[in-house]
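Below is one structure, written out as structure tokens, with a few remarks after it.
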Amino acid sequence: MPQDAGITRDEAITQVAAALAGPISLDEFVERVLAIWPTNNKNPKAPVRQTIRDHHLGKTLIMTDKKTLTPIQMALAGAQFRVGLSREELKEGILYVYPAFQYFLPQTKSATELQLVDEEDHIIPTEVTEITIQRQGLLGAYSYKQEALKLGWWFKKNRLSRQDNLLVTILDITIPKFRLQAEPHHEYRHHRKEIVVANQQLADTLFSTLEAERNERIWGSTAVPTAYALLKDTIPYPADHWLEVVKKDPRLRWNGTYITYGDRFSPIENLLRDLEPARRDQRPSRPPKLSKQQKQQVYRFHVAYKRRNGLWRRIEIQGSQTLSDFNDFLVGEFKHDFDHMAGFWKLVRRGQTKNYREIEIATIEPFDGGEGAHTKIAALEMQPGDKMKYVFDFGDWHEYVIELEAIEATTEPDSAPKRESHYPRVVAQNRPHYEYCTDCAEVERKTVAVYLCHSCAAIQGEPVYVCKAHASPEHDDHYLEEVVF
Ligand SMILES: [Zn+2]
Ligand SMILES: [Zn+2]
């Protein structure tokens, strides 16, 4: 009997949302949807919640906290945003609909339905016009059309000039209806301090939403209206337009659809940045110049092997040494075959959560090559408590968690020749939990194993350890891996 009511789940949600007179708990909302959209689904609430998340947040509903939904027209009523005017807009007497109204115009509405009123609630008559924009792209010249509002007479009436802004108040997003105010530059300057605070609040709200999002990116269509709804009663004065705020915050980056971390780029985006000179400044900053003291400092790391609990080393390495040096040392210490690739990632904790995001910092090729291989330890700018992920051999995937425990002055006298030769070094390690030779055990001898025989282990279905004496000829041609304790 599902969908007996003859409506879809989506329509049921729209109906319930339209009937709301105020905020409602998420649970109660889902109950109301299920009352008009009965289903045989064993767990009917989950798909309703999912549809709300995917199709209604930022469009018909705003999640004002984790458990509360507010109809969007109510959540955004009174929210304000600032729009700066370009030289061209002033000269032509137009206001481009995008990006000014991005995420403030419902997708179901067209720009021609947009209503504007002034401070006295008088209608500001406007018309939508299409402007053809010429651009030079990678593949040659191209053009596209942009919608704009004709507002020349209103600009003149308000004596708007360069550096003046517009303040837009959302009256009813579902119409959509807005109040337009001129904000002369001296007003803006007068409120400069409050605007700085408001911008910070807007950036922080977007950033904390991002930190809590598993996918490391937030959709503008949901995140932007939600942030404005959350801030409308707390900010001291309207913040700059969200696009400006995102652009100026190094933690954030806008890619046209979603907001992500400032240091997160897809391979395609990296390629585009290299091709387009204008984008080159978006490249991660150059490594910092290191002082003599930074280079001499000793970084003490705790290195733990993920696959075997309790296997760790405390390793000291100097600031001037590189990730390639670190890799070489780890390969030797943990007895890996040297001829494989390895990688280092910075692990950045996401807000107060237990989750980390990974930022690739180096790929080390055998014999000293690879992107980032020559990055100096000091240039990583790590603080005690910061973590890295290290993987040796992308086939066998030997993964380690490396935590910086301390940064200390070198213990070597300043005049000591070739100071670096003392580092890296192991200063502490786990108590060994030895494994013993399986072959020796058969004749009741106890010998510490040197290898793990993968070939025998595969046949016997359990780990087979082998001592040095038994390695040959018994395990000739077998796949032996040196074991570290
Ligand atoms: Zn043996
Ligand atoms: Zn074997």
Side-chain angles (χ1 to χ4, degrees), residues 263 287-288 290 293-338 340-364 370 372-394 396-412 419-435 448 452 481-485:
D263 51 19
L290 300 173
Q293 184 217 355
Q294 280 175 307
K295 285 186 196 165
Q296 285 182 1
Q297 275 172 332
V298 174
Y299 290 71
R300 195 199 303 145
F301 289 101
H302 182 276
V303 182
Y305 187 46
K306 263 200 124 168
R307 226 187 272 174
R308 264 207 353 255
N309 249 341
L311 181 64
W312 61 265
R313 299 286 186 267
R314 184 164 287 135
I315 295 170
E316 289 183 343
I317 184 168
Q318 264 188 313
S320 58
Q321 294 181 296
T322 64
L323 286 173
S324 178
D325 297 332
F326 203 178
N327 170 69
D328 291 349
F329 187 77
L330 292 169
V331 168
E333 182 58 30
F334 290 100
K335 308 258 195 308
H336 292 303
D337 295 336
F338 61 91
H340 289 285
M341 304 266 283
F344 286 92
W345 290 260
K346 214 178 241 185
L347 294 176
V348 182
R349 192 162 164 206
R350 305 185 65 206
Q352 300 306 309
T353 67
K354 284 182 183 156
N355 304 322
Y356 288 84
R357 63 193 186 93
E358 300 176 355
I359 301 162
E360 194 178 332
I361 42 181
T363 307
I364 319 275
H374 297 285
T375 302
K376 292 185 166 57
I377 300 298
L380 297 173
E381 299 186 310
M382 290 176 78
Q383 299 303 319
D386 287 352
K387 290 179 180 176
M388 283 192 288
K389 173 171 116 173
Y390 168 69
V391 173
F392 181 77
D393 186 349
F394 299 148
D396 279 352
W397 203 266
H398 296 287
E399 184 174 333
Y400 297 81
V401 174
I402 301 181
E403 181 174 345
L404 179 61
E405 292 186 327
I407 305 172
E408 286 168 355
T410 174
T411 51
E412 311 295 326
R419 276 184 309 276
E420 281 186 20
S421 63
H422 296 276
Y423 299 95
R425 63 184 184 189
V426 172
V427 292
Q429 63 191 83
N430 59 284
R431 272 217 312 224
H433 305 281
Y434 292 119
E435 300 289 350
V448 171
L452 175 62
E481 185 192 5
E482 223 176 320
V483 276
V484 182
F485 300 112

* Asked: Would Y390 and F326 satisfy ring-ring contact (aromatic ring centres under 6.0 Å, His included), going step by step from the backbone distance to the final call?
  -> CA-CA 10 Å; Y390 168 69; F326 203 178; 7.3 Å; no
* Structure fact -> Hits for side-chain hydrogen bond (donor to acceptor under 3.5 Å, both in side chains) against R349, two or more places apart or cross-chain, chain-then-number order -> none
* **Contacts of type side-chain hydrogen bond (donor to acceptor under 3.5 Å, both in side chains), residue E358, not counting sequence neighbours** =>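 side-chain hydrogen bond (donor to acceptor under 3.5 Å, both in side chains) check on E358 returns K389.
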Over all heavy atoms of both residues, which pair between [X] and [Y] is shortest? Give the atoms and the distance, please.
X    : Y    : answer
R300 : L404 : O-CD1, 3.5 Å
L323 : G372 : CD1-O, 3.8 Å
N327 : A342 : OD1-CB, 3.3 Å
I361 : M388 : CD1-SD, 3.7 Å
A406 : P384 : CA-CG, 4.2 Å
A373 : I364 : CA-CD1, 3.7 Å

Between atom [atom1] of [X] and atom [atom2] of [Y], what is the distance when rounded to the nearest 0.5 Å?
X    : Y    : atom1 : atom2 : answer
K295 : Q318 : NZ    : CD    : 11.5 Å
H398 : D337 : NE2   : CG    : 8.0 Å
Y299 : E408 : OH    : CD    : 12.0 Å
D396 : H336 : CG    : NE2   : 9.0 Å
Q294 : I407 : CD    : CD1   : 9.0 Å
R357 : L347 : CZ    : CG    : 10.5 Å

Quick check: does any side chain N or O of [X] sit under 3.5 Å from a backbone N or O of [Y], one acting as donor and the other as acceptor?
X    : Y    : result
N430 : L311 : no
K346 : L380 : yes
E403 : K387 : no
R313 : F334 : no
E333 : V426 : no

* **Intermediate values then yes/no, side-chain contact (heavy atoms from CB on, under 4.5 Å), L290 and K376** => CA-CA 9 Å; L290 300 173; K376 292 185 166 57; 3.7 Å; yes
* Side chain to side chain, V401 and K306, heavy atoms closer than 4.5 Å -> yes
* Non-hydrogen side-chain atoms of F485 and V448 separated by less than 4.5 Å -> yes
* To do: Could you check I315, D386, L330 and say which one makes a side-chain contact (heavy atoms from CB on, under 4.5 Å) with I402?
  => L330
* To do: Among F329, Y400, W312, find the one that has a side-chain contact (heavy atoms from CB on, under 4.5 Å) with V303.
  => Y400
* To do: Could you tell me whether the side chains of T322 and D325 share a donor-acceptor contact shorter than 3.5 Å?
  =>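 Distance-only check passes for T322 and D325.
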